[in-house]
Amino acid sequence: MKETKIVLSEQDIPRSWYNIVADMPNKPLPPLNPATGEPISGDALAPLFPSGLIHQEVSQEPWIEIPDEVREIYALWRPTPMFRAWRLEKALDTPAKIFYKYEGVSPAGSHKPNTAVAQAWYNKQDGVTRITTETGAGQWGSALAFACQLFGIKCEVYMVRISYDQKPYRKLMMNTWNADVYPSPSDRTAAGRKILAEHPDSPGSLGIAISEAVEVAATNEDARYALGSVLNHVLLHQTVIGQEAIAQMEIAGEYPDIVVAPFGGGSNFAGLAFPFLRYHLTGERPIRAIAAEPTACPKLTRGVFRYDFGDTVGMTPLLPMYTLGHNFVPASIHAGGLRYHGAGVIVSQLLKDKLIEAQAVDQIDSFEAGVLFARSEGIIPAPEANHGIAVALREAEIARKEGKAKTILINLCGHGNFDMASYEAYFAGKLERLSLSQEEINDAVSKIDTPEIAG
Ligand SMILES: *Cc1c(COP(=O)(O)O)cnc(C)c1O
């Protein structure tokens with residue numbers, strides 16, 4: 001029998017997270033205090049994050065040990081399986097070998113619990129009793145709700161309005177795991193009220209929801225904030241994915257020429273790619289790592305590398321990143337998790353240094369790829385994941401034209417079982433092609449008022 005599913009055992013759950021900063025030729029620039037323009041010290045983050053996570057945020061150590069209790073919870077769904085996509089390869093008539101690492105087996109159905117459980121654990125160590133957060137498509141909120149419940153921490157979620165309306169089941173998952181969920185913009189915060197005053201029908205955005213959750217954490221002593229993407233410690237926690245994937249590729253007797261993952265703020269991309277990039281940086285095993293973003297929110301392929309706020313209202317430190325400007329509100333595409341104006345600092349620096357690549361995918365093409373995937377492999381991917389699959393199909397097509405047997409590894413970062421309304425819209429022909437004109441990009445970017453980064 002051909003080997004289809006490559007599994008590891010519980011002992012193979014990684015013992016450390018991999019911190020790529022230690023191996024980067026150019027370290028990321030520091031976050032800045034917007035008021036003074038000076039680098040932010042770790043202490044300034046204390047109102048928002050527990051000490052263990054702040055330590056990880058600024059760490060230059062290559063390996064950070066995973067606490068036993070976190071590994072034990074990981075064992076509920078890790079190690080995750082890897083599959084050889086035989087039927088997809090056949091459908092594409094490509095000589096490329098396609099593999100996918102499936103993170104949808106977690107309780108929340110995506111990669112997000114890898115960091116949610118770790119973050120809840122470090123908050124628990126500092127005696128935090130309440131964690132606030134934002135969620136876009138609902139995957140992050142449900143992951144954090146699940147993680148907080150395991151540690152007896154109250155979870156308060158600001159959910160982007162468009163997703164709150166489109167995905168009631170995600171909200172109910174969070175409620176099942178004992179979380180309180182509010183549509184954002186909400187009238188519970190000054191940030192939310194300001195947006196509502198200007199745009200009563202605002203569909204919301206991740207940036208707005210972040211502003212609300214940050215405000216509540218910063219103004220309440222018992223509360224801390226948790227972010228599901230973008231930050232260094234979040235990317236760090238996701239590196240269990242790539243470490244397992246390296247072991248699984250070894251079992252398969254292959255090594256990828258290309259790893260590809262969808263890109264919102266960069267965490268599942270980093271999770272898969274960074275452990276492979278470790279060997280790319282040393283020159284031992286070169287690889288192409290491709291981030292797949294939506295054409296409706298193309299910060300990596302069309303944005304600028306600048307200091308910008310992580311949120312919409314301007315409460316966070318300034319982060320050096322690829323961005324479309326913190327005021328940019330992307331169209332209401334169904335891949336809610338990819339509607340973020342910026343990108344993680346580490347991935348941004350890697351892109352600037354041409355150590356990773358990015359490609360943009362239109363939402364119609366992404367669903368076309370996702371449906372072909374579902375019809376070949378069975379699993380119905382999350383709309384976000386469809387972007388990565390679409391890029392893999394492009395690369396497989398190039399391999400077919402060139403007659404080259406490339407090996408491609410996709411991060412299938414979540415299933416789409418709660419996203420069937422978006423598939424319905426696709427089948428009904430209700431999705432639009434969304435590409436921004438250069439004028440629209442220039443207009444968005446011209447609103448960034450921080451100085452250009454020299455060099
Ligand atoms: C959150 C999410 C994303 C986007 O976030 P990243 O930090 O870029 O990974 C993509 N896919 C799924 C399924 C998600 O839940």
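Counting starts at 1 for both ligands and their atoms, following the listed order. Since we're looking at a predicted model, the values are computed, not measured.
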Atom 7 (O) of ligand 1: the protein heavy-atom neighbour that sits closest, reported with distance to 0.1 Å =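 For atom 7 (O) of ligand 1, the nearest protein heavy atom is Ser229 OG, 2.5 Å.
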Legend entry - atom 10 (C) of ligand 1: the protein heavy-atom neighbour that sits closest, reported with distance to 0.1 Å: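 For atom 10 (C) of ligand 1, the nearest protein heavy atom is Glu384 CB, 3.5 Å.
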* Asked: Should one rank His415, Glu103, Arg339, Lys112 by closest heavy-atom distance to atom 5 (O) of ligand 1, which comes out on top?
  ->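 Shortest heavy-atom distance from atom 5 (O) of ligand 1: Lys112.
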Backbone or side chain, does any N or O of [X] fall under 3.5 Å from an N or O of ligand 1?
X: Gly265; answer: yes
X: Gly414; answer: no
X: Gly266; answer: yes

Would you mind running through ligand 1 and noting each atom that sits below 4.0 Å from a heavy atom of [X]?
X: Gly337; result: 4 (C)
X: Gly264; result: 4 (C), 6 (P), 8 (O)
X: Cys413; result: 11 (N), 12 (C), 13 (C)
X: Gln139; result: 13 (C), 15 (O)

Original post:
Heavy-atom contacts under 4.0 Å between Gln238 and ligand 1: side chain, backbone, both, or neither?
Top reply: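 For Gln238, there is no contact with ligand 1 at all, from either part.
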At under 4.0 Å between heavy atoms, what of Trp140 touches ligand 1? The answer is neither
From the list His387, Arg302, Lys299, side-chain contact (heavy atoms from CB on, under 4.5 Å) partner of Glu293 resolves to Lys299
In chain order, what residues pass the salt bridge (Lys or Arg N to Asp or Glu O under 4.0 Å) check against Glu89, with sequence neighbours excluded?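 In terms of salt bridge (Lys or Arg N to Asp or Glu O under 4.0 Å), with neighbours along the sequence ignored, Glu89 is linked to Arg84.
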Taking the six-membered ring for Trp, are [X] and [Y] parallel (under 30°), tilted (30 to 60°) or perpendicular (over 60°)?
X: His237; Y: Tyr122; answer: parallel
X: Phe146; Y: Trp77; answer: perpendicular
X: Phe83; Y: Tyr100; answer: parallel

Taking only Lys NZ, Arg NE, NH1 and NH2, and the carboxylate oxygens of Asp or Glu, determine whether Lys97 and Glu254 approach each other closer than 4.0 Å. yes
Checklist line | Distance under 6.0 Å and angle within 45° of ring axis: Arg285 vs Tyr255 | finding: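 Verdict for Tyr255: a cation-pi partner in Arg285.
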Checklist entry - Does a donor on one side chain and an acceptor on the other come within less than 3.5 Å for Gln359 and Glu395? => result yes
